[in-house]
There are 2 protein chains.
Amino acid sequence: MNSTKIKILNAAEYLFATHGYAETSMRQITNRANVNLASVNYHFGSKKALTIEVIDRYLSQLMPDIIANLKQLQNKKEEPSISAIFSIFKQPLLTLNSINDGGTVYFLKLLGRGYIDSQGHLRGFITHKYQTELRFIRQAFHQSCPQLSEEELFWHLHFALGTTSFTLSASDALTDIVKADFNTELYLDDILDRMVPYISAGFIRQGNLNV
Amino acid sequence: MNSTKIKILNAAEYLFATHGYAETSMRQITNRANVNLASVNYHFGSKKALTIEVIDRYLSQLMPDIIANLKQLQNKKEEPSISAIFSIFKQPLLTLNSINDGGTVYFLKLLGRGYIDSQGHLRGFITHKYQTELRFIRQAFHQSCPQLSEEELFWHLHFALGTTSFTLSASDALTDIVKADFNTELYLDDILDRMVPYISAGFIRQGNLNV
DNA sequence: GCCTGTTTAAAACAAAAGTATTACTCCATG
DNA sequence: CATGGAGTAATACTTTTGTTTTAAACAGGC
C-alpha cells in the first residue's frame with residue numbers, strides 16, 4: 001500500500017491531538033513520519049486538507065457503526081438502559097483502535113479541538129459531509145428516549161463530549177498534577193474510570209432512565 | 001493611567017480566548033488594540049509573557065476571593081449545601097466582570113486553553129505562583145466536604161471545569177448548530193442554564209451532599 | 001527495453017511570524 | 001531652559017511557516 005500517506009496520517013494525528021492544529025508545523029509532521037516535506041502537499045494538497053483527512057479516517061468508519069447500533073436499538077420495544085445507550089457510542093469508538101493504535105483517544109481529542117477551533121473548517125466539513133447521518137442519529141436517539149427532548153439530548157451529548165475531550169486533552173496536565181499532589185502514578189484507564197460515572201450522572205439526570 | 005497596557009490586555013484576551021494562543025499573532029493584537037506593534041514587547045517583554053499576564057490579571061483577583069469564601073465556610077458547623085459550594089466559586093468568578101466586560105467567560109475559556117496547551121507554560125506558571133493557594137483550597141474544600149476524598153474533589157472539579165471550558169469555547173459552534181438544527185437563537189445565558197444542572201448532577205453524584 | 005504516469009527528494013520561494021533597533025515625542029525635574 | 005527617562009512610531013531583521021518547483025527514482029504496460 002501507499003505507506004507514505006499512512007505514515008503522514010499517523011504522525012499528523014498524534015501531533016494535532018497532543019499539540020493542536022496551529023501548533024504543529026508540516027516539518028514536525030514529516031520529520032515524525034520520516035517522509036519528505038513536500039509529500040504532504042503532494043498527497044493531501046494542503047495542511048487544511050490534511051487535518052480533515054486525519055479526522056475523516058475515523059469518522060468514515062464511526063458513523064456507519066453508530067447508525068447500525070441505533071437501528072438495532074430501534075427494533076427493541078422496551079426503553080433502553082443507560083448502559084445500552086452508552087454502548088451505542090462506546091463500541092464504535094473503541095473499534096477505532098483498529099485503524100491506528102490509540103485511535104479512540106486521538107479521535108476524541110481531535111473532535112474536541114475541532115469544536116474549539118474558531119475558524120470552523122473541520123466542523124463545517126463534518127456537518128456537511130455527515131449531514132444525513134447526524135440527523136438520523138438525533139432522531140433515532142430521540143425516538144428511543146422520548147422522555148428527553150431532542151434539544152436536551154443535544155446538550156447532554158455535547159456536555160459529555162466536552163468533559164471527555166477536555167479530560168483527554170488535558171490528561172497530561174492532570175497526570176502531572178496528580179503525581180505532584182497525590183504522589184500517584186496515573187494511567188488513562190484510571191482517568192476514564194473516574195470520568196464515566198460523572199458523565200452518566202449528568203446525562204441521566206433529567207431523563208430518569210433506568211440505570 | 002497607562003492605557004496602552006490595558007488596551008493590549010483586553011485585545012489579547014479576546015483573541016486568545018476566541019481563537020487560541022498560537023492562532024493569534026502580535027499584529028492581530030496590536031491592530032485590535034490600536035497600538036504600535038512594538039509596544040507589546042516593550043510593555044510585556046514577549047508574547048509568552050503577555051499570555052501569562054492576561055490570565056494572571058484575573059487569577060490575582062480570583063484566588064484571594066475564593067480563599068476568603070472558603071474561610072467563611074470553615075466557620076460554619078453544618079455540612080454545606082451544593083449551592084453553598086457552588087457559590088464559593090460562582091461569586092468570585094462573576095466578580096471578574098469588573099476587571100473587563102465579559103471577563104468571567106474570557107477567563108474560563110483561557111483557563112481551559114491553558115490546560116490543553118501542551119507546552120504547559122501557563123499551567124506551570126499558575127501552579128508555581130499559586131501553589132499555596134491551590135493547596136489551601138483543596139484542603140479547606142475537603143474539610144468542608146469530608147465525605148468526598150481530596151482526589152474525588154480534584155476530579156469532580158476538573159470535570160466541571162472541562163465541561164464549562166469546552167462549552168464556552170465551543171459556544172459559537174454550538175450556537176450555529178442549534179440555529180441550523182432547531183432554528184433557535186441561543187444566548188450565553190441559555191447555555192449556562194442547561195449546563196449548571198448537568199455539572200451539579202455529576203458533582204454531587206457520589207458525595208450525597210444535600211441539595 | 002523503452003515509455004508513461006506516479007511517487008519521492010532536494011532545494012527554493014514568498015509570506016508571516018516574533019523580536020530588535022532606531023529615532024522621535026512628551027513631560028516632569030533639576 | 002536644558003536634560004533625561006518613558007512611551008510611541010516606523011522600520012528592519014531573523015526565523016519559521018506553508019507551498020512550489022524541478023529533477024530524480026520507480027513502477028507497470030506495450
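Convention: sequence-line order gives letters A, B, ...; per-chain numbering from 1. We use all heavy atoms of the structure for the numbers below, so side chains are in, but hydrogens, waters and symmetry mates are not. Computed from a prediction, not measured in an experiment: that's the story for all the values here.
Atoms CE (M26(B)) and C1' (dT16(D)) sit 16 Å apart, rounded to a whole Å. To the nearest angstrom, C1' of dT19(D) lies 14 Å from NZ of K48(A). Straight-line distance from the OH atom of Y42(B) to the P atom of dA6(D): 6 Å, rounded to whole Å. Rounded to an integer number of Å, the gap from NZ of K47(B) to P of dT14(D) is 22 Å. Regarding L37(B), its CG atom lies at a distance of 17 Å from the P atom of dT22(C), rounded to whole Å. In this structure, H121(B) atom NE2 and dG18(C) atom C1' are separated by 15 Å, rounded to whole Å. Atom-to-atom, CD of Q28(A) to P of dT15(D) comes out at 18 Å; the value is rounded to the nearest Å. Look at NZ on K5(A): it is 12 Å from C1' on dT7(C), rounded to the nearest Å.
The side-chain tip of R57(B) does not point at the ring of Y106(B) from less than 6.0 angstrom away and within 45° of straight on. The side-chain tip of K71(B) points at the ring of F136(B) from less than 6.0 angstrom away and within 45° of straight on. Remark: R135(B) is not positioned above the aromatic ring of Y130(B), lacking an NZ or CZ atom under 6.0 angstrom from the ring centre and at most 45 degrees off the axis. For R32(B) and Y14(B), the positive end sits near the middle of the six-membered ring, less than 6.0 Å away and at most 45° from its axis.
Once rounded to the nearest 0.5 Å, the distance linking CG of D172(B) with CD1 of I177(B) reads 11.0 Å.
Comparing atom distances between the N41(A) side chain and each of dT8(D), dT19(D), dA10(D) picks out dT19(D) as nearest. The listed nucleotides are dT20(D), dA20(C), dT17(D); the one nearest the side chain of A38(A) is dT20(D). Among the nucleotides dA12(C), dA9(C), dT8(D), the one closest to any side-chain atom of T4(B) is dT8(D). Residue N36(A) has its side chain nearest to dA10(C) when only dT19(C), dT8(D), dA10(C) are considered. For H43(A), taking side-chain heavy atoms from C-beta onward, the closest of the listed nucleotides dT19(D), dT17(D), dT8(C) is dT8(C).
Counting all heavy atoms, side chain and backbone alike, M195(B) lies closest to F159(A) at CA-CZ, 3.5 Å.
For the OP1/OP2 pair of dA17(C) and a distance below 4.0 Å, the side-chain nitrogens and oxygens of S25(B) include at least one atom meeting the criterion.
End-to-end axis angle of the helix from dG1(C)-dC30(D) to dG30(C)-dC1(D), from C1' rotation axes over five pairs per end: 20° (rounded to 10 degrees).
In this structure, T30(B) reaches neither bases nor backbone, as no heavy-atom distance under 4.0 Å exists between it and the strands shown.
Residue T24(A) is tested with M26(A), R27(A), Q28(A) for a side chain to side chain contact (heavy atoms under 4.5 Å, CB included); the sole match is Q28(A).
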